[in-house]
2 protein chains.
Amino acid sequence: MSDLLERLRGRGWRMTAQRRVVAEVLDGEHVHLTADEVHARAVTKLPEISRATVYNTLGELVTLGEVLEVSTDRRAKRYDPNAHRPHQHLVCARCGAIRDVHPTGNPLSALPDSERFGFTISDVEVTYRGLCPNCSASA
Amino acid sequence: MSDLLERLRGRGWRMTAQRRVVAEVLDGEHVHLTADEVHARAVTKLPEISRATVYNTLGELVTLGEVLEVSTDRRAKRYDPNAHRPHQHLVCARCGAIRDVHPTGNPLSALPDSERFGFTISDVEVTYRGLCPNCSASA
DNA sequence: TCCTACGATAGACTTTGTCTAAGTCAAGTA
DNA sequence: TACTTGACTTAGACAAAGTCTATCGTAGGA
């Protein structure tokens, strides 16, 4: 679906073949791709697209709030197109599988004022780690 | 204090000048240093120490459970000597300042079974992000 | 159609971290 | 104390992820 493309165009985003391809790769996928994976998929649709453009475009999509950057893993950032529903992540410590999860309550409320040290807190990231069913079966 | 050194020696850790220096750098600091920062401080005490040794030693301290790896920032891992008291982190989105914080309750209990997808969860990391008093004053 | 500013490109560069081969040394043994 | 040995350290090459820069190309308005 081109909801994403429509929204971007509506915001005055200059549309180019490269940007369209990157947006399409993310839009169709309910997964968490690295920049390199996005590039690999984009290349199949538009062989000349460069790594720098993929990085630039991902960065813009993040700035626009259409895509979230996820750092469940120290190696590479991942890009999560599910930016419109707040959620956290559950990560398999062995195979790296990632699931979106929706904890109950607001994680911010667990942090009393006395533990905020005068900070203005705007965001909380929660990462649950463990073994997925597959990996715990073969452990 | 050399609590840390004593514990390490007690575990049969072979003591070398390099390891002592790395342990001392961490032991004295209630902060969150990157590997490079640890190396920089170690070099002032032992100029010949190499980067590889610092990485090796930090890795061993993590394996031994004496130091925690913290990834509040995508650029570099940070090493937290406060491994013996469970805590989470509060990070300034602008200047990168990090504070240890102690939320109430167990963050795991916020994740219902239906949201665990069969995973065996062993750990939860929570990172609160916002602006520290300094940065929100000058924003 | 033509212009022009914005976007795309290749590739060098940077940062963070890992690996390897060769040299060094802590600590056990006699 | 001197010897021995395997664990530790080193320099530097390598790798992965990402950023920067100079140049070229093109989307979209006039």
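Chain A is the first sequence line, chain B the second, and so forth, proteins listed ahead of strands; every chain is numbered from 1.
If you take NZ of B:Lys77 and C1' of D:dA16, they are 13 Å apart, rounded to a whole angstrom. Here C:dA8 presents its C1' atom at 19 Å from NZ of A:Lys45, a figure rounded to the nearest Å. Regarding B:Trp13, its CH2 atom lies at a distance of 9 Å from the P atom of D:dC8, rounded to whole Å. One atom, CZ of A:Arg20, and another, C1' of D:dG28, lie 13 Å apart when rounded to the nearest Å. Distance, A:His39 NE2 to D:dT19 P: 15 Å, rounded to whole Å. Rounding to whole angstrom units, CZ of residue B:Arg78 and P of C:dT16 are separated by 9 Å. In this structure, CG of A:Leu33 is placed 13 Å from P of D:dG18, rounded to the nearest angstrom. Regarding B:Arg74, its CZ atom lies at a distance of 18 Å from the C1' atom of C:dT14, rounded to whole Å.
Rounding to the nearest 0.5 Å gives a distance of 8.0 Å between CD of B:Gln18 and OG of B:Ser50. The CZ atom of B:Arg41 lies 9.5 Å from the CG atom of B:Leu26; values are rounded to the nearest 0.5 Å.
By the 4.0 Å N-to-carboxylate-O rule, A:Glu69 lies too far from A:Arg78 to be salt-bridged with it. A salt bridge links A:Arg11 with A:Glu66: at least one charged nitrogen is closer than 4.0 Å to a carboxylate oxygen. Between A:Arg99 and B:Glu115 no salt bridge is recorded (no basic side-chain N to carboxylate O distance below 4.0 Å).
At the phosphate of D:dG12, neither OP1 nor OP2 sits under 4.0 Å from any side-chain N or O atom of B:Ser50. The side chain of B:Tyr55 contributes no N or O atom lying less than 4.0 Å from OP1 or OP2 of C:dT18. Within the 4.0 Å cut-off from OP1 or OP2 of C:dT9, at least one side-chain nitrogen or oxygen of A:Gln18 is found. Proximity of B:Arg75 to the phosphate of C:dT14: no side-chain N or O atom is located under 4.0 Å from OP1 or OP2. Of the side-chain N and O atoms in A:Arg19, one or more sit less than 4.0 angstrom from OP1 or OP2 of C:dA8.
Annotation: of the two residues near DNA chain D, A:Asp36 and B:Glu48, the 5′-most nearest-nucleotide partner is B:Glu48. DNA chain C is contacted by both B:Asn56 and A:Glu60; A:Glu60 maps to the nucleotide lying nearer its 5′ end (nearest heavy atom per residue).
Among the nucleotides D:dC8, D:dT10, C:dG17, the one closest to any side-chain atom of B:Ala76 is C:dG17. For A:Thr16, the listed nucleotide lying nearest its side chain is C:dG7; candidates were C:dT18, C:dG7, D:dT19. Residue A:Ala52 has its side chain nearest to C:dG11 when only D:dT9, C:dG11, C:dG7 are considered.
Contact annotation for B:Thr53: base contact, defined as any heavy-atom pair under 4.0 Å involving a base atom. A:Arg51 comes within contact range of at least one nucleobase, with a heavy-atom separation under 4.0 Å.
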Q: Would you check, one step at a time, whether the test side-chain hydrogen bond (donor to acceptor under 3.5 Å, both in side chains) holds for A:His32 with A:Asp100?
A: CA-CA 9 Å; A:His32 304 80; A:Asp100 288 357; 2.7 Å; yes

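The base of C:dC6 sits with one of its N or O atoms less than 3.5 Å from a complementary donor or acceptor on the side chain of A:Arg14.
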